[in-house]
Number of protein chains: 2
Amino acid sequence: MDLKHRKKLAAMHRIQEAALDLFEEQGFDAVAIEAVAAAAEVSPRTVYRYFGTKEMLVIWDEADEFPVSPLAAEFAVADPIGMLRGTFRAAFAAMDEAQLRLIRRRVALIYRTPAIEAAYLLHSYEKSRAIAAAVGPASGDAFGTEVFVHAFVGAVVGAMRHWCHSGFATPPFTFVDQALTLLEHGFGKRAAP
Amino acid sequence: MDLKHRKKLAAMHRIQEAALDLFEEQGFDAVAIEAVAAAAEVSPRTVYRYFGTKEMLVIWDEADEFPVSPLAAEFAVADPIGMLRGTFRAAFAAMDEAQLRLIRRRVALIYRTPAIEAAYLLHSYEKSRAIAAAVGPASGDAFGTEVFVHAFVGAVVGAMRHWCHSGFATPPFTFVDQALTLLEHGFGKRAAP
DNA sequence: CTGCCTTGTGGCAGTGACTGCCTATACTTG
DNA sequence: CAAGTATAGGCAGTCACTGCCACAAGGCAG
């Protein structure tokens, strides 16, 4: 990787770190981009060039940069839930404590701040639709694929939200796993307790 | 209802109508609130007082003003999907052509404009969570309720989006109905075609 | 009908997110 | 090491959105 690219990534991490510190301390709305830029020792213009919007300072995740594994396609048609479960399990298992801590900080800010949550929801749907567009045509059911992808994003967002509001007590995969199981079996009639 | 309230509602309809006209003609981003206010013959300050944000000019729906039917609670535990299907069927059936036309205009703008879509997603989730909070405790499964509500919103948003991109050819309930059926039976393994 | 009172409306000034444009600087390549 | 090229910084401008205050319009006694 280029020296330029490495410097840019390092700067993005420094800027995001500074932003999270300030947002946690003073609240998202009370912090101006100028303050973030000053704390990270870059110009405000650079913050916008790198992140585009203020919300992206929280939403941005380096892992999102990598393209979806082409392997996904072959699993997608027959057993989409199983494929997604495996992907999430692997992703969470590969994280060290530092990465997990970063995710917790970001998730807490996302669900505490409506403006960030809105941007995050759109971001999630757009990413998922991109995956669906790459994988979907093989299924031959555009409508079903679209509804599935949207329901899936909704379920995962709900799971992450619950993880956040439960104080991050249990590992995140627990919640995602349970949410996927619910999605797998459907929400038909349930016996009254 | 008060004269003041009737005047306010009339003004809101006039403002929304003017806004939709301008947004369709010039694009959401190219239209300033000032232009909407001028077209509707009110002050910009009043537009903000009524709608809060620019996106709400498109998202706002008079039907949202009414509180959720208390009847919902008794159906919710045993057969949530059936209850929701019935609610949607009744809601769409009660609409005349003018209301349907208004919804089509709003939906088209929502899915054509990322900023509006983001606000709309958050709005939908917040409304649904409010319903879940009113209905959920009876179910005894907070996590399941939360995941269900999120997946449900996702599925409906996906259905409406598909309705929009299919050119509004078929009645909207068709899509919602199919999406609910998918959600009901789950997204488990499907036979490859 | 009329004058008071409450509530809602309009205008003003200010903050801050975001963008286009130009210059300066740091990396890259021959 | 010099020429070329991508990229950071600075500047000025637009526009969404907000608090504040003066004013006008419904609502309500008398």
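Just so we're clear, the structure is a prediction, and the values are computed from it rather than from any experiment. Protein chains get the first letters and strands the later ones, always in sequence-line order, with residue 1 at the start of each.
At a threshold of 4.0 Å, the pair B:E117-B:R161 counts as salt-bridged, since one of the basic side-chain nitrogens sits closer than that to a carboxylate oxygen. Under the 4.0 Å criterion applied to side-chain N and carboxylate O atoms, B:R112 and B:E24 are not assigned as salt-bridge partners. At a threshold of 4.0 Å, the pair A:D61-A:K127 does not count as salt-bridged, since none of the basic side-chain nitrogens sits closer than that to a carboxylate oxygen. Between A:R14 and A:E41 there is no salt bridge, since no side-chain N of the basic residue sits under 4.0 Å from a carboxylate O of the acidic one.
Summary of the strand contacts: A:K4 and B:V31 both lie near DNA chain D, and taking for each the nucleotide with the nearest heavy atom, the more 5' one is attributed to A:K4. Between B:R45 and A:F28, it is B:R45 whose nearest contact on DNA chain C lies nearer the 5' terminus.
Remark: B:L180 CG to B:F175 CZ distance equals 13.5 Å, nearest 0.5 Å.
When only modelled atom types and interatomic distance are considered, A:E62 and A:H13 share a side-chain donor-acceptor pair under 3.5 Å.
The main-chain N or O of A:P171 is found under 3.5 Å from a side-chain atom of A:T174 such that the two form a donor-acceptor pair. Between the side chain of A:E55 and the main chain of A:A119, no donor-acceptor pair closer than 3.5 Å is present.
When rounded to the nearest whole Å, the span between CG of B:D29 and P of C:dA17 equals 18 Å. Distance B:K8 NZ to C:dT9 P: 7 Å, rounded to the nearest Å. Distance A:H5 NE2 to C:dA26 C1': 14 Å, rounded to the nearest Å. Here the C1' atom of nucleotide D:dT7 and the CE atom of A:M12 are 14 Å apart, to the nearest Å. Protein atom CZ of B:F23 is 13 Å distant from nucleotide atom C1' of D:dC15, rounded to whole Å.
Look at B:K7 and you'll find a side-chain N or O under 4.0 angstrom from OP1 or OP2 of D:dG26.
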Original post:
Between A:D96 and A:R101, is a salt bridge (charged side-chain N to carboxylate O under 4.0 Å, His left out) present by the stated rule, with each step listed?
Top reply: CA-CA 9 Å; A:D96 58 28; A:R101 202 179 103 77; over 6 Å; no

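Within residues 47-62 of chain B, the residues approaching DNA chain C are B:R49, B:Y50, by heavy-atom distance under 4.0 Å. Looking at residues 33-44 of chain A, you'll see A:V42, A:S43 sit with a heavy atom under 4.0 Å from some atom of DNA chain D.
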